[in-house]
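Below, each value reflects all heavy atoms present in this structure, side chains not excepted, and no hydrogens, waters or symmetry copies. Chain identifiers are assigned alphabetically (A, B, ...) following the order of the sequence lines, protein sequences preceding nucleic acid strands; residue numbering begins at 1 within each chain.
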2 protein chains.
Amino acid sequence: MSGIRAQQKEKTRRLLVDAALNQLSAERSFSNLSLREVAKEAGLAATSFYRHFNDMDELGLTLVDEAGLTLRQLMRQARQRIEKGGSVIQISVFTFMEFIEANGNVFRLLLRERSGTSPEFRAAVNREIRYFTMELCDYLQKANKLDHETSYLQANAAVIIVFSAGAEALDANKMEKEELTNRTIKQLRFIARGAMDLSARTKIMQGN
Amino acid sequence: MSGIRAQQKEKTRRLLVDAALNQLSAERSFSNLSLREVAKEAGLAATSFYRHFNDMDELGLTLVDEAGLTLRQLMRQARQRIEKGGSVIQISVFTFMEFIEANGNVFRLLLRERSGTSPEFRAAVNREIRYFTMELCDYLQKANKLDHETSYLQANAAVIIVFSAGAEALDANKMEKEELTNRTIKQLRFIARGAMDLSARTKIMQGN
DNA sequence: AAGTTGAGCTTACACGTGTACACTATTCTA
DNA sequence: TAGAATAGTGTACACGTGTAAGCTCAACTT
């Protein structure tokens with residue numbers, strides 16, 4: 001059941017996926033990538049594309065899934081770093097910025113398709129971001145002993161700020177990136193401080 | 001010097017701009033709008049397009065400019081409302097959400113082109129957002145007597161949060177929008193509180 | 001060993017695209 | 001009022017697109 005044939009197929013499927021990823025750049029979004037171009041880059045005849053995907057959208061959704069996976073691996077990596085000590089916020093931002101540096105095109109894909117024309121794509125990206133937010137929410141809830149609503153609001157705001165900084169980092173040079181990182185860290189501290197503060201006040205007013 | 005001719009020309013130029021705006025929707029982004037389609041929608045022959053714009057990009061940049069203008073008018077409107085009393089944050093968010101409701105396609109244009117493939121478009125959108133942020137920064141600095149850095153960080157974070165909420169509102173139903181509005185207001189309060197707090201602390205540590 | 005399956009190929013087609021070119025008709029200029 | 005300028009038109013072209021049809025040949029099944 002090894003399947004020398006299925007194996008070969010999987011291999012050229014990867015070729016297509018990688019070809020698509022390689023063509024993505026600041027100047028080239030997935031939506032203006034043609035089936036023919038991708039097939040050519042993969043070294044295949046255009047029509048062979050259909051042996052693996054029904055259309056470009058199907059390939060695109062695969063890409064989004066993979067991007068989400070990468071993103072979650074990143075989270076795990078960050079958590080490991082945090083366990084070794086250091087500021088949670090600082091380490092998270094650094095880790096995220098390193099991700100952008102190494103996976104610019106993947107991140108661009110997420111950013112673009114989130115506001116793109118395909119409802120399916122938008123949903124897929126938002127799902128990935130939701131996972132990301134939820135993991136952070138859980139973490140905050142446990143680490144800071146906040147109620148669920150407050151920690152969710154904080155997690156959600158933090159993810160938005162970090163993603164937006166990531167988007168800006170894509171076009172930034174080294175110095176700008178450093179400044180951007182500092183700015184982001186301070187902003188996350190605003191949010192964390194405000195969350196603690198307002199949550200405490202609510203507790204007092206509710207008498208618990 | 002009235003120029004019956006120049007007048008006519010301006011009129012059909014508007015026809016083109018409006019045609020483009022009308023074709024924008026959740027399913028249709030500017031980048032997959034063709035010159036021929038726009039010309040047809042405007043009731044013109046395809047080649048007449050060139051009498052007004054060199055290419056679609058030029059039309060697109062005009063659109064972005066107009067969108068920015070609308071956005072700034074919005075700010076003024078919000079400030080007027082605020083002067084009549086009420087929570088600054090609440091009124092700002094309400095005003096912004098009304099803008100999204102009424103100008104969904106314009107807002108979509110800004111969102112999409114901010115992460116689009118054209119550097120010129122990206123720059124244009126970011127310029128508009130920067131204006132928007134600066135106005136808010138000035139306001140915060142005066143109203144809350146914060147230092148420039150803190151009020152800038154706060155303004156920047158607030159704009160990011162509000163824009164992101166706007167993006168989500170585009171796909172939301174009435175109930176979701178209400179919830180989204182409340183969430184956003186709370187998040188802006190986090191940021192405002194954190195900014196005040198951390199700014200005060202810095203002042204004390206610096207001994208002034 | 002014989003027959004079936006399927007990955008990849010070539011060829012072919014209809015369609016939408018941007019834009020060059022030449023033309024008409026109206027407005028502007030002198 | 002004669003001539004230049006120009007907004008708008010219709011035709012034409014080359015090009016890239018998605019995809020249908022049918023072929024080959026290696027891998028699978030029985």
Please report, rounded to the nearest Å, how far the [atom2] atom of [N] is from the [atom1] atom of [X].
| X | N | atom1 | atom2 | answer |
| --- | --- | --- | --- | --- |
| B/His52 | D/dG8 | NE2 | P | 4 Å |
| A/Lys40 | D/dT17 | NZ | P | 8 Å |
| A/Glu10 | C/dG8 | CD | P | 11 Å |
| A/Phe49 | D/dT19 | CZ | C1' | 12 Å |
| A/Ile4 | D/dC28 | CD1 | P | 6 Å |
| A/Asn32 | D/dT17 | CG | P | 11 Å |
| B/Asp55 | C/dT17 | CG | P | 16 Å |
| A/Met56 | D/dT17 | CE | C1' | 12 Å |

Legend entry - Distance-only donor-acceptor check, side chains B/Arg130 and B/Asn126, under 3.5 Å: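 No, because no side-chain N or O of B/Arg130 sits under 3.5 Å from a partner of the opposite role on B/Asn126.
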
Inset, instruction - Using distance alone, with no hydrogens and no angle criterion, decide if B/Ser118 and B/Glu120 have a side-chain donor and acceptor under 3.5 Å apart. - result: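 The criterion, which ignores hydrogens and geometry beyond distance, is not satisfied for B/Glu120 and B/Ser118.
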
For [X] and [N], is the shortest distance between a side-chain N/O and OP1 or OP2 below 4.0 Å?
| X | N | result |
| --- | --- | --- |
| A/Thr47 | C/dT10 | no |
| B/Thr12 | D/dG8 | yes |
| A/Ser34 | D/dG16 | no |
| A/Ser48 | C/dC9 | yes |

Legend entry - Donor-acceptor pair (no angle test) under 3.5 Å: A/Arg36 side chain, D/dG16 base: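 Looking at the base of D/dG16, it does not pair with any donor or acceptor on the side chain of A/Arg36 (distance under 3.5 Å).
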
Inset, instruction - Ignoring hydrogens and angles, answer whether the base of D/dT6 and the side-chain atoms of B/Arg51 contain a donor-acceptor pair closer than 3.5 Å. - result: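 Flag unset: no donor-acceptor pair detected.
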
Ignoring the backbone of [X], work out which of [options] is nearest its side chain.
| X | options | result |
| --- | --- | --- |
| B/Glu37 | C/dT17, D/dG18, C/dA7 | C/dT17 |
| A/Arg5 | D/dT19, C/dG18, C/dT5 | C/dT5 |
| B/Leu44 | D/dA26, D/dA5, D/dG8 | D/dG8 |

Inset, instruction - Look at atom NZ of A/Lys177 and say whether more than 12 heavy atoms of other residues, nucleotides or ligands are closer to it than 6.0 Å. - result: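 Enclosed.
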
Inset, instruction - Can you label the angle between the B/Phe96 ring and the B/Phe163 ring as parallel, tilted or perpendicular, going by 30° and 60°? - result: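 B/Phe96 and B/Phe163: tilted rings.
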
Inset, instruction - For the residue pair A/His148 and A/Tyr152, categorise the inter-ring angle as parallel (less than 30°), tilted (30 to 60°) or perpendicular (more than 60°). - result: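 Taking A/Tyr152 first and then A/His148, their aromatic rings lie parallel (interplane angle under 30°).
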
